Amino acid sequence: MQIYNTLSRKKEEFVPITPGEAHIYACGPTVYNYIHIGNARPICVFDVLRRYLESRGCKVTFVQNFTDIDDKIIRRANEEKSDYLTVSNKYIKEYKTDAAGLNVRPATVHPRATENIDEILSIISTLVEKGYAYPVPSGDVYFRTLKDKEYGKLSHQPIDDLQSGARIAVGEQKENPLDFALWKGSKPGEPSWDSPWGKGRPGWHIECSAMARRFLGKTIDIHCGGQDLIFPHHENEIAQSECCNGVPFSHYWMHNGYININNKKMSKSLGNFFTVREVAEKYGYEPIRYLMISSHYRAPINYSVEIIEQCRAALDRLYHCRDNLRFLMEHAPSGEKPGEEEIRTRMGGYEEKFNAFMDDDLNTADALSVLFDFAKDINTNLNADTEPSKELCGFALEHFMKLADVLGLLYVEKEDDTQDEEIEKLIAERTAARKAKNWAEADRIRDELKARHVVLEDTPQGVKWKISE
RNA sequence: GGCGUCAUAGCCAAGUGGUAAGGCAAGGGUCUGCAAAACCCUCAUCCCCAGUCCGAAUCUGGGUGACGCCUCCA
């Protein structure tokens with residue numbers, strides 16, 4: 001497949017280090033709050049990347065970290081009069097709830113920064129030994145940016161321009177404004193770990209270098225994250241890892257675009273964000289995932305209520321297709337009929353089209369259109385009038401759901417069958433009323449069920465019902 | 001200032017040289033006791049200007065507008 005590589009600014013054929021395997025590192029959240037829908041984008045998009053590679057037979061090792069120690073977590077802990085561990089544990093739990101709601105598979109490993117201090121110290125020590133890093137009296141250790149001749153290669157910034165924008169904050173003892181902290185000497189009341197340079201805690205960038213190396217090796221296949229991480233976070237990761245290990249850090253760098261509100265980037269610092277949780281409570285989780293899939297991952301997405309409702313409506317169409325097909329299959333006769341072979345062949349072909357789009361730098365928008373084309377084909381050719389065989393229905397359903405699953409869609413199943421019996425009873429009463437042409441009573445029962453969010457459909461094979469939102 | 005992205009119908013969104021995918025919404029129709037769902041039909045010449053070409057939404061140049069990174073951020 002082709003992947004747009006931020007490093008080369010070109011689409012490149014994806015060639016993994018080990019054929020048939022992919023080692024992917026995704027920058028995870030700093031756990032000091034609920035995630036917002038801007039955070040949800042890389043989570044969903046790179047979950048699709050992983051699902052797609054796996055669907056093509058690739059063995060994926062997917063590592064996503066939790067940054068569980070940093071200034072914001074400490075601040076939050078102080079505000080809540082608790083400690084960093086309580087805060088990070090809480091929001092990791094909430095993250096997992098949201099990720100599961102979005103049908104994002106847990107990573108192969110979810111390492112936490114504070115559980116990888118040894119690896120972090122090991123890298124910093126090597127960098128100090130090689131002269132790429134230096135400790136200062138305050139207990140901080142900085143990366144000597146100017147010594148890295150390749151610094152800036154990811155963000156494609158001339159080093160002079162980067163330098164002119166950088167500032168040395170009050171109290172910092174850097175040699176150069178561009179130098180960044182690998183280790184921060186502890187301040188009173190802050191959580192700290194022992195190090196050769198005194199008590200302190202890791203800088204943000206070094207965590208990812210350490211966790212990537214420990215769980216994926218010195219050179220990985222793909223590193224991904226939001227575009228706002230290109231500089232300085234990913235640039236710094238490259239600098240640390242490559243100066244320490246002497247080999248390329250990651251062959252491919254993938255960066256997703258932002259979620260905007262009124263064309264402005266959604267971010268916690270601007271305060272113009274919606275949490276995944278609050279949107280999910282109103283519209284469900286799946287429309288959020290659909291939104292992420294509906295456009296190309298590098299393009300910006302403007303979020304609004306109108307758009308999320310459109311996503312809900314589009315999903316309804318796909319769900320109807322799935323549910324109609326399931327209902328039909330239950331009532332279909334066994335034994336392939338003449339002419340079904342042709343339909344089977346055609347329907348088997350959608351996967352190839354789907355894959356062709358996905359191969360083009362994860363063109364999920366076009367891949368999704370294949371799913372809709374497939375749905376129309378199913379609706380037109382597999383219905384109560386055409387009376388397809390159980391085998392053909394099963395074939396179509398399996399292939400349709402396979403594609404949906406690569407995108408991570410159509411994962412919601414009817415739950416709560418405690419009231420099924422009562423619903424079935426009412427439906428039977430309505431059927432009897434209809435038979436007696438007592439339309440008023442039939443409609444009354446239908447309205448009653450509707451009030452309980454049960455929507456009916458009369459079909460030649462009987463009454464079909466489902467719970468609506 | 002440096003680097004970069006984007007501009008396609010009422011809304012969302014693909015397409016990046018050969019005559020505009022898909023979804024939502026809307027209108028008309030078929031089916032239905034009525035519905036629902038489904039199906040059929042209708043619904044754009046691609047921000048502006050100038051070029052290149054037999055041919056451009058797609059390439060080049062120039063505008064206009066929006067946005068991002070260069071500081072914590074997915």
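Source: prediction; values computed, not measured.
Between B:C3, B:A74, B:G2, one nucleotide has an atom nearer to the side chain of A:K265 than all others, and that is B:A74. Residue A:S295 has its side chain nearest to B:A13 when only B:G10, B:A13, B:A74 are considered. The side chain of A:D161 has B:G2 as its nearest neighbour among B:G2, B:A74, B:G23.
In this entry the distance linking CG of A:L403 with P of B:G23 reads 16 Å, nearest Å. Between the NZ atom of A:K72 and the C1' atom of B:A74 there is a distance of 11 Å, rounded to whole Å. Rounded to whole Å, the distance from CE on A:M266 to P on B:G68 is 13 Å. When rounded to the nearest whole Å, the span between CG of A:D385 and P of B:C40 equals 13 Å. Distance NE2 (A:H296) to C1' (B:C12): 17 Å, rounded to an integer number of Å. In this structure, A:I308 atom CD1 and B:C11 atom C1' are separated by 14 Å, rounded to whole Å. Counting to the nearest Å, the P atom of B:C72 and the CG atom of A:D228 are 11 Å from each other. Whole-Å rounding puts the A:N236 CG to B:C70 C1' distance at 13 Å.
Two rings, from A:H234 and A:H205, have their centers 6.0 Å or more apart. A distance of 6.0 Å or more separates the ring centres of A:Y91 and A:F66.
Taking atom C1' in both B:U45 and B:U16, the straight-line distance is 16 Å, to the nearest Å. B:G22 and B:G17 are spaced 23 Å apart, taking the C1' atom of each and rounding to whole Å. With both ends at atom C1', the span from B:U19 to B:G23 equals 24 Å, rounded to whole Å. Spacing of P atoms, B:G55 relative to B:G2, comes out at 37 Å, to the nearest Å. Distance noted for atom P between B:C46 and B:C54: 22 Å (whole Å). Look at the C1' atom in both B:G65 and B:C39: the space between them is 42 Å, to the nearest Å. B:C24 and B:G51 are spaced 39 Å apart, taking the C1' atom of each and rounding to whole Å. Annotation: B:A26 and B:A37 have their P atoms spaced 11 Å apart (nearest Å).
A cation-pi arrangement, defined by a distance under 6.0 Å to the six-membered ring centre and an angle within 45 degrees of its axis, is absent between A:K390 and A:F395.
In this view, A:V136 and A:Y134, A:S138, A:D140, A:Y142, A:Q173 satisfy the side-chain contact (heavy atoms from CB on, under 4.5 Å) rule, not counting sequence neighbours. Residues satisfying the side-chain contact (heavy atoms from CB on, under 4.5 Å) test with A:K450, not counting sequence neighbours, are none. A:E94 pairs by the salt bridge (charged side-chain N to carboxylate O under 4.0 Å, His left out) definition with A:R277, not counting sequence neighbours. For A:D71, the side-chain hydrogen bond (donor to acceptor under 3.5 Å, both in side chains) test picks out A:R201, with sequence neighbours left out. The side-chain hydrogen bond (donor to acceptor under 3.5 Å, both in side chains) check on A:Q240 picks up A:S209, with sequence neighbours excluded. Shown here are the side-chain hydrogen bond (donor to acceptor under 3.5 Å, both in side chains) partners of A:E330, two or more places apart in sequence or in another chain: there are none. Residues satisfying the side-chain contact (heavy atoms from CB on, under 4.5 Å) test with A:N5, not counting sequence neighbours, are A:L7, A:S8, A:E12, A:Y252, A:W253. Residues satisfying the ring pair (Phe, Tyr, Trp, His ring centres under 6.0 Å) test with A:H331, not counting sequence neighbours, are A:F327.
The stretch residues 357-368 of chain A comes close to RNA chain B through A:N363, A:A365, A:D366, each having a heavy atom under 4.0 Å from the strand. Within residues 36-45 of chain A, the residues that place at least one heavy atom under 4.0 Å from RNA chain B are, in residue-number order, A:H36, A:G38, A:N39, A:P42.
Taking a cutoff of 4.0 Å between a charged side-chain nitrogen and a carboxylate oxygen, A:D458 and A:R430 qualify as a salt bridge. By the 4.0 Å N-to-carboxylate-O rule, A:E150 lies close enough to A:K153 to be salt-bridged with it.
In this structure, A:I230 reaches neither bases nor backbone, as no heavy-atom distance under 4.0 Å exists between it and the strands shown. Across all strands shown, A:N263 has heavy atoms under 4.0 Å from sugar-phosphate atoms exclusively, and none from any base. Using a 4.0 Å heavy-atom cutoff across all strands shown, A:K464 reaches no nucleic acid atom at all. Nucleic acid contact for A:I259: base, since at least one base atom lies under 4.0 Å from a heavy atom of the residue.
Across all strands shown, the partner of B:A38 is B:U30, judged by Watson-Crick or G-U wobble contacts whose two distances both fall under 3.5 Å. Taking a pair to require two hydrogen-bonding distances under 3.5 Å in either a Watson-Crick or a G-U wobble arrangement, B:U64 pairs with B:A7. Using the Watson-Crick or G-U wobble rule with both distances under 3.5 Å, B:U16 pairs with nothing in any strand shown. Nucleotide B:C69 forms a pair with B:G2, judged by Watson-Crick or G-U wobble geometry with both contacts under 3.5 Å. For B:A57, there is no paired base (Watson-Crick or G-U wobble, both distances below 3.5 Å).
Toward the 5' end of RNA chain B, the nearer of the two residues A:S294 and A:P158, judged by each one's closest nucleotide, is A:P158. The 5' end of RNA chain B is approached more closely, in terms of each residue's nearest nucleotide, by A:I301 than by the other of A:I301 and A:L178.
Side-chain contact of A:D359 with A:N355: a donor-acceptor pair under 3.5 Å is absent, judged by distance alone.
Distances shorter than 4.0 Å separate some side-chain N or O of A:K264 from OP1 or OP2 on B:C67.
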For nucleotides 5-9 of chain B, which of its nitrogen or oxygen atoms have a protein nitrogen or oxygen under 3.5 Å away, and what is each distance?
none

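For B:C69, its base never sits under 3.5 Å from the side chain of A:Q227 at any donor and acceptor pair.
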(request) At under 4.0 Å between heavy atoms, which parts of nucleotides 29-39 of chain B does protein reach? Answer with one letter per nucleotide, 5' to 3': B base, S sugar-phosphate only, - none. (result) ----BBBBSSS

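The side-chain heavy atoms of A:E351 and A:V370, taken from C-beta on, include no pair separated by under 4.5 Å.
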(message) Checking A:H223 against A:Y25 for the ring pair (Phe, Tyr, Trp, His ring centres under 6.0 Å) test, could you report, in this order, the C-alpha distance in whole Å, the side-chain angles of both residues, the deciding distance, and whether it holds?
(response) CA-CA 5 Å; A:H223 193 125; A:Y25 186 91; 5.0 Å; yes

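The number of heavy-atom neighbours closer than 6.0 Å to CD of A:E352, taken from other residues, nucleotides and ligands shown, is 12 or below.
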